[in-house]
Amino acid sequence: MEHKLVIYNTLSRKKEQFIPINPPHVGMYVCGPTVYGDAHLGHARPAITFDILFRYLKYLGYKVRYVRNITDVGHLVNDADEGEDKIEKKARLEQLEPMEVVKYYTDRYHYNMKQLNTLPPSIEPTASGHIIEQIEMVKKIIEHGYAYESDGSLYFDVEKYNKKYHYGKLSGRRIEELMKNTRDLAGQEGKKNQFDFALWKKADPKHIMHWPSPWSEGYPGWHLECSAMGAKYLGEEFDIHGGGMDLLFPHHESEIAQANAATGHDPVKYWMHNNMITINGQKMGKSLNNFITLNEFFSGEHPALDRAYPPMVIRFFILQAHYRSTLDFSTDALKAAEKGMKRLFDALEILDELKPQEKSSFDIKKIESDCYAAMNDDLNTPVAIAHLFELARLIHLVNDGKESLSKTDIQYTQQFVSYFLKEILGLTPEHQKEDDKLIDYLMETILEVRKEAKEKKDYATADKIRQELAKLNIQIKDTKDGARWSFD
RNA sequence: GGUACCGUGGCCGAGUGGCUAGGCGGAGGUCUGCAAAACCUUAUACAGCGGUUCGAAUCCGCUCGGUACCUCCA
């Protein structure tokens, strides 16, 4: 496959040429949400980042299997709620069955992801549906001697593991430092070392989410589901594993350890991590309680928001920053994104109306290759978008007669911009005006009436039409060649 | 305390040795019944100090400031 896609591998801390293990197939696993609350802006980032990667890999011609899990068991709340499962806690509060909570938030997550125009993953496994696979994996880890039992719970023996492998290779940590510096937390009884992590936890009697296992009635450890399900659907070694930077340690580090302990080799070739979205310079997150949910963005119902912001604005906002940089949220930044995106779609629309010239005064293929070059450089969407803005400027200049495009180049540009915007970046205009003949006809009629009013210098009527349509978010622009309209 | 990362103009954000992205906003102008859009021009920048270099926002050192991870987190 002829391309030069380079991606940043957290494992090597370098950009590396992407070479799949079994071309043309690519296996890609991304950590999905824990479904105990509505998705917030932070959840949109990995979803969109890896959606771009999924789309781009397919564009490059790969057959991609994209696996994104739903975590519906297992994570502990915090030391104060020791032993209590997140899902279960919420269930008790709301007097619902745990699986009812899971279903409710999973559906809402799916709906939000659709609104953001992310493609659904190829497989979306749940942790609760893979208890058997997780137990089997624990058995292998025990067989190889890297787990120990303590009062019905099983822990991973990090110290022993580290003698043969390197616990900390992904996150850049050393076990000696972990020994000294791991925080003192409650609920560590039964562990040989503080940094050992649970593979299987025995459920206390109040705990209502539990499954039988050879060791106890209990539930799987925090990191096990991704290891087990990744191996099941993508093989013991697969190409790409993605997720938020906050999962780097201990989650992904422990996934590597579990896989090595079970199979004797690393599970993943390229580890990719998206950075955080910040609000007032601070990470937006569940624990800090400073998050804004996607539904709140879409409805405008949040004290920090002055109005609603549509899903595509959120998507464009996220794509205007590189995925490995932090992105600071503010309504000003969102508004800037909104206007910028509109500018791109406006340019795409006026392409239809350009008057072709004999020759083109600029090289559209150069701009196209610049856009793809940016994508090849570790998915540099902000740079790709900057090239599209440059093209938008040129398109307007053609419209003003200051630059020119030939007929074939106009068609080429149309195809390229439309494809790149919609298929590669996954951006769609809020309103698809072209496929509604009724609206087209109505608008034509209205604009004709307005034109007649203007000819009679009846500006009161002309302005009234413009004002009334503005209430429907329809914008009228008078140009030399007559009035144009668009959805705002 | 340990580890890692970051500090770019009013805001968001690319850029990792010379060619000084981009968007939004500001100012001035062209066009226009007005408005909007578009176009043109323009201002505002690389946290501070020192070093390497012919040349540094970019490399090195120190200082200051910030963030993330070390506990569930996208």
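Proteins come first, then strands; the chains are lettered A, B, ... in the order of their sequence lines, and each starts at number 1.
The same atom, P, is picked in B:A21 and in B:A14; the two are 15 Å apart, to the nearest Å. With P as the reference atom, B:U44 and B:A4 are 39 Å apart, rounded to whole Å. Across B:C49 and B:U41, the matching P atoms stand 34 Å from one another, rounded to whole Å. The same atom, C1', is picked in B:U20 and in B:U58; the two are 12 Å apart, to the nearest Å. Only the P atoms considered, B:G13 is 14 Å distant from B:C6, to the nearest whole Å. Taking the C1' atom of each, B:C11 and B:A43 are spaced 16 Å apart, rounded to whole Å. Distance check on atom C1': B:A47 versus B:G9 gives 14 Å, rounded to whole Å. Taking atom P on both B:C59 and B:C5, the two are 12 Å apart, rounded to the nearest angstrom.
For A:Phe249, counting side-chain heavy atoms from C-beta on, the closest listed nucleotide (B:G23, B:C70, B:G33) is B:C70. The side chain of A:Leu247 lies closest to B:C73, out of B:A14, B:G33, B:C73.
Residue A:Ile279 contributes atom CD1, which lies 21 Å from atom P of B:C73 at whole-angstrom precision. The separation between A:Asp246 atom CG and B:C5 atom P is 17 Å, rounded to whole Å. One can place NZ of A:Lys454 at 7 Å from P of B:G33, the figure rounded to the nearest angstrom. Here the P atom of nucleotide B:G13 and the CZ atom of A:Phe329 are 12 Å apart, to the nearest Å. The interatomic distance linking A:Asp328 (CG) with B:U8 (P) rounds to 11 Å, in whole Å. Summarising the geometry, the separation between CG on A:Leu288 and P on B:C73 is reported as 14 Å, rounded to the nearest angstrom. Summarising the geometry, the separation between CG on A:Leu327 and C1' on B:U67 is reported as 14 Å, rounded to the nearest angstrom. A straight line from CG of A:Asp458 to P of B:G33 spans 15 Å, rounded to a whole angstrom.
Among the heavy atoms of the strands lying under 4.0 Å from A:Met284 is at least one base atom, whether or not backbone atoms are also near. Here A:Thr49 lies out of heavy-atom contact (under 4.0 Å) with every strand. Nucleic acid contact class of A:Met276 (heavy atoms, under 4.0 Å, all strands): base. At the heavy-atom level, A:Lys283 lies under 4.0 Å from base atoms of the strands shown. Among the atoms of the strands shown, base atoms are found under 4.0 Å from some heavy atom of A:Gly42.
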**Report entry** Structure string for RNA chain B in dot-bracket form, Watson-Crick and G-U at under 3.5 Å, | interchain
**Finding:** ((((((((.[[[)....(...]]].(((((.......)))))....[[[[[..)....]]]]])))))))....

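Between A:Tyr167 and A:Phe249, the two ring planes are perpendicular [angle over 60°; tilted spans 30° to 60°]. The aromatic rings of A:Phe416 and A:Phe420 lie tilted to each other, with the angle between the two planes from 30° to 60°. The aromatic rings of A:His251 and A:His223 are tilted relative to each other, their planes meeting at an angle between 30° and 60°.
For the pair A:Arg393 and A:Glu403, the salt-bridge criterion is not met [side-chain N within less than 4.0 Å of a carboxylate O]. A salt bridge links A:Lys471 with A:Glu468: the closest approach of a Lys/Arg side-chain nitrogen to an acidic carboxylate oxygen falls below 4.0 angstrom. Note on A:Asp51 versus A:Arg315: salt bridge recorded, some NZ/NE/NH1/NH2 to OD/OE distance being below 4.0 Å. For A:Asp377 and A:Lys4, the salt-bridge test fails: no basic side-chain N is under 4.0 Å from an acidic carboxylate O. Taking a cutoff of 4.0 Å between a charged side-chain nitrogen and a carboxylate oxygen, A:Asp38 and A:Arg108 qualify as a salt bridge. No salt bridge links A:Lys454 with A:Asp458; every basic N to acidic carboxylate O contact stays at or beyond 4.0 Å.
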What does the list of N/O pairs under 3.5 Å between the protein and nucleotides 15-22 of chain B look like, with a distance for each?
| residue | atom | partner | partner atom | Å |
| --- | --- | --- | --- | --- |
| B:G15 | OP1 | A:Asn380 | ND2 | 3.1 |

Pick out the pairs of N or O atoms, protein on one side and nucleotides 35-42 of chain B on the other, that lie under 3.5 Å.
| residue | atom | partner | partner atom | Å |
| --- | --- | --- | --- | --- |
| B:A35 | N6 | A:Asp478 | O | 3.4 |
| B:A35 | N1 | A:Asp478 | N | 3.3 |
| B:A35 | N3 | A:Arg466 | NH1 | 2.9 |
| B:A36 | O2' | A:Gln475 | NE2 | 3.2 |
| B:A36 | N1 | A:Asp478 | O | 3.2 |
| B:A38 | O2' | A:Asp400 | OD2 | 3.2 |
| B:C39 | OP1 | A:Arg343 | NH2 | 3.3 |
| B:C39 | OP2 | A:Arg343 | NH1 | 3.3 |
| B:C39 | O4' | A:Asp400 | OD2 | 3.3 |
| B:C39 | O2' | A:Lys402 | NZ | 2.7 |
| B:C40 | OP1 | A:Arg393 | NE | 3.2 |
| B:C40 | OP1 | A:Arg393 | NH2 | 3.4 |

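Of the candidates A:Asn274, A:Asn380, A:Asn275, A:Asp378, A:Asp378 is the only one forming a side-chain hydrogen bond (donor to acceptor under 3.5 Å, both in side chains) with A:Tyr323.
Toward the 5′ end of RNA chain B lies the nearest nucleotide of A:Asp332, the other residue of the pair A:Asp332 and A:Ala460 mapping further downstream. Mapping A:Asn275 and A:Gly281 onto RNA chain B via the closest heavy atom, the residue that lands nearer the 5' end is A:Gly281.
A:Arg343 forms no cation-pi arrangement with A:Phe345, by the criterion of a distance under 6.0 Å to the ring centre and an angle within 45° of the ring axis.
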Requested in this report: Kindly determine whether A:Asp346 and A:Lys339 satisfy salt bridge (charged side-chain N to carboxylate O under 4.0 Å, His left out), including the steps that lead there.
Outcome: CA-CA 10 Å; A:Asp346 282 352; A:Lys339 285 208 167 185; over 6 Å; no

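In this model, no donor atom of one side chain and acceptor atom of the other lie less than 3.5 Å apart for A:Tyr29 and A:Asp239.
You'll find the side chain of A:Glu225 stays beyond 4.5 Å of the side chain of A:Glu255, heavy atoms only.
A donor-acceptor contact under 3.5 Å is formed by the side chain of A:Asp463 with the base of B:G33.
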